[in-house]
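Residue numbers run from 1 in the order of the sequence given.
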Amino acid sequence: MTAKFPRFLSLFLLAALPATASDLPKNIKLEVRMEETLTSDSSQTGQRFTATLTKGVSAGEAIIFEKGATVEGIVKLAEPTYNYRQPGELDLELDSIRSGGKLYLLKTNTIFLEGKPTATDPRTGRPMDPSPRKGDVARATIDTIPGMDRGGVATTIPGTDVTVGSGSPTSRSMQVIVPARSKLTFNVSSASASDTKQ
């Protein structure tokens, strides 16, 4: 009977250890708040960005990723409007998170954000309605609600609180603007602790 006690004790101690990234439940979600503004016309493919985790991730009682952890990502594609001749596009992914003094490498889904096409002048290829530029300027300013153009109705992209245009009949945004403080939700397919000391 005494021989069984150490085995029981070791199993109990293993169960009490904190969860690691390898213990992540399947299809967990990371909700992050952007720390900088990204736009399809100013961002570059391959550009890195920083965000903050708005909700902690747990496995049972153990916390895997703490709320407030620093998350980093990459712009997989930035397609500009080419002076408003075509809708812009931004494709974003997360690739790392720092939590509990450790760096974890992530694989997530890609969020595809596309601007809305608008009627163009066939002679010049430019938008016939100049309001897309005005709407973009309004949306890019501090304290402007994403997707709103001083009275328009926002249309939110699923999984985000970001919009690429307004429901206002006089404003359709060709450019994608993801303002600082916007929230995005990514699905994590894998996470592993990095040997790199950061």
Side-chain angles (χ1 to χ4, degrees), residues 17-81 87-115 136 139-147 154 156-165 173 175-198:
L17 290 175
T20 64
S22 60
D23 299 323
L24 286 176
K26 297 293 184 183
N27 302 318
I28 68 163
K29 298 180 184 297
L30 294 184
E31 182 183 282
V32 303
R33 183 183 66 249
M34 299 294 292
E35 295 299 323
E36 58 202 275
T37 296
L38 300 178
T39 80
S40 55
D41 280 21
S42 64
S43 300
Q44 303 293 321
T45 298
Q47 174 182 331
R48 299 194 61 75
F49 63 87
T50 303
T52 300
L53 191 65
T54 61
K55 295 179 181 178
V57 176
S58 303
E61 296 296 320
I63 297 175
I64 301 174
F65 299 138
E66 300 167 334
K67 178 180 178 180
T70 299
V71 184
E72 293 188 354
I74 187 168
V75 177
K76 297 296 288 185
L77 176 68
E79 189 73 25
T81 61
E89 180 178 349
L90 272 180
D91 300 348
L92 309 176
E93 290 180 8
L94 299 182
D95 61 12
S96 68
I97 182 170
R98 289 179 178 84
S99 181
K102 295 182 180 180
L103 174 67
Y104 298 93
L105 304 180
L106 304 175
K107 287 187 179 180
T108 71
N109 66 308
T110 304
I111 291 182
F112 301 96
L113 307 175
E114 296 182 340
D136 284 352
R139 290 170 53 229
T141 57
I142 297 175
D143 296 329
T144 299
I145 299 174
T156 305
I157 297 170
T160 76
D161 68 357
V162 176
T163 61
V164 294
S173 178
Q175 187 176 172
V176 177
I177 299 177
V178 182
R181 299 191 302 276
S182 297
K183 290 181 182 178
L184 303 175
T185 302
F186 292 83
N187 297 316
V188 179
S189 57
S190 69
S192 58
S194 172
D195 293 331
T196 304
K197 294 182 179 179
Q198 297 284 337

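- Between Val178 and Leu90 there is a side-chain heavy-atom pair separated by less than 4.5 Å.
- Side-chain atoms of Thr108 never come within 3.5 Å of backbone atoms of Phe186 as a donor-acceptor pair (strictly under, hydrogens ignored).
- Applying the salt bridge (charged side-chain N to carboxylate O under 4.0 Å, His left out) test to every pair with at least one member in residues 57-66, sequence neighbours left out, gives no pairs at all.
- Heavy-atom minimum distance, Val176 versus Leu113: CG2-O, 3.5 Å.
- Annotation: side chain of Val71 is not in contact with side chain of Thr50 (no heavy-atom distance under 4.5 Å).
- Not a single donor-acceptor pair under 3.5 Å links the side chain of Thr110 to the backbone N or O of Asp91.
- Between Lys29 and Val57, the shortest heavy-atom distance links the atoms O-CG2, 4.2 Å.
- Annotation: salt bridge (charged side-chain N to carboxylate O under 4.0 Å, His left out) contacts involving residues 39-57, sequence neighbours excluded, comprise Glu31-Lys55, Arg48-Glu72, Arg48-Asp95.
- How far CG of Leu53 is from OG of Ser99: 7.5 Å, rounded to the nearest 0.5 Å.
- Looking at residues two or more places apart in sequence or on another chain, you find a salt bridge (Lys or Arg N to Asp or Glu O under 4.0 Å) between Glu35 and Arg33.
- Two residues are said to be in side-chain contact when any heavy atoms from C-beta on lie closer than 4.5 Å; Thr70 and Thr52 fail this criterion.
- In this structure, Phe112 and Glu89 have side chains that are in contact, with non-hydrogen atoms separated by less than 4.5 Å.
- Side chains of Ser58 and Ile64 form no contact here, defined as non-hydrogen atoms less than 4.5 Å apart.
- A pairwise comparison of heavy atoms in Leu106 and Ala191 identifies CD2-CB, 3.6 Å as the closest pair.
- Neither side chain, Gln175 nor Thr81, offers a donor N or O lying under 3.5 Å from an acceptor on the other.
- For Lys67, there are no side-chain contact (heavy atoms from CB on, under 4.5 Å) partners two or more places apart in sequence or in a different chain.
- At distances below 3.5 Å, not a single donor-acceptor pair connects side-chain atoms of Ser43 with backbone N or O atoms of Ser40.
- Here Lys102 contributes atom NZ and Ser194 contributes atom OG; the two are 11.5 Å apart, rounded to the nearest 0.5 Å.
- Proximity of Asn187 to Ser189: side-chain heavy atoms (C-beta onward) are nowhere separated by under 4.5 Å.
- With sequence neighbours left out, Thr45 forms a side-chain contact (heavy atoms from CB on, under 4.5 Å) with Leu77, Ala78.
- Within the 4.5 Å cutoff, no side-chain heavy atoms of Glu36 are placed close to those of Arg181.
- With contacts defined as side-chain heavy-atom distances shorter than 4.5 Å, the pair Val75/Leu92 qualifies.
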Verify side chain to side chain contact (heavy atoms under 4.5 Å, CB included) between Phe49 and Val32, making sure each step is shown before the conclusion. CA-CA 12 Å; Phe49 63 87; Val32 303; 5.9 Å; no
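- Among residues two or more places apart in sequence or in another chain, the side-chain contact (heavy atoms from CB on, under 4.5 Å) test is passed with Ser42 by Thr39.
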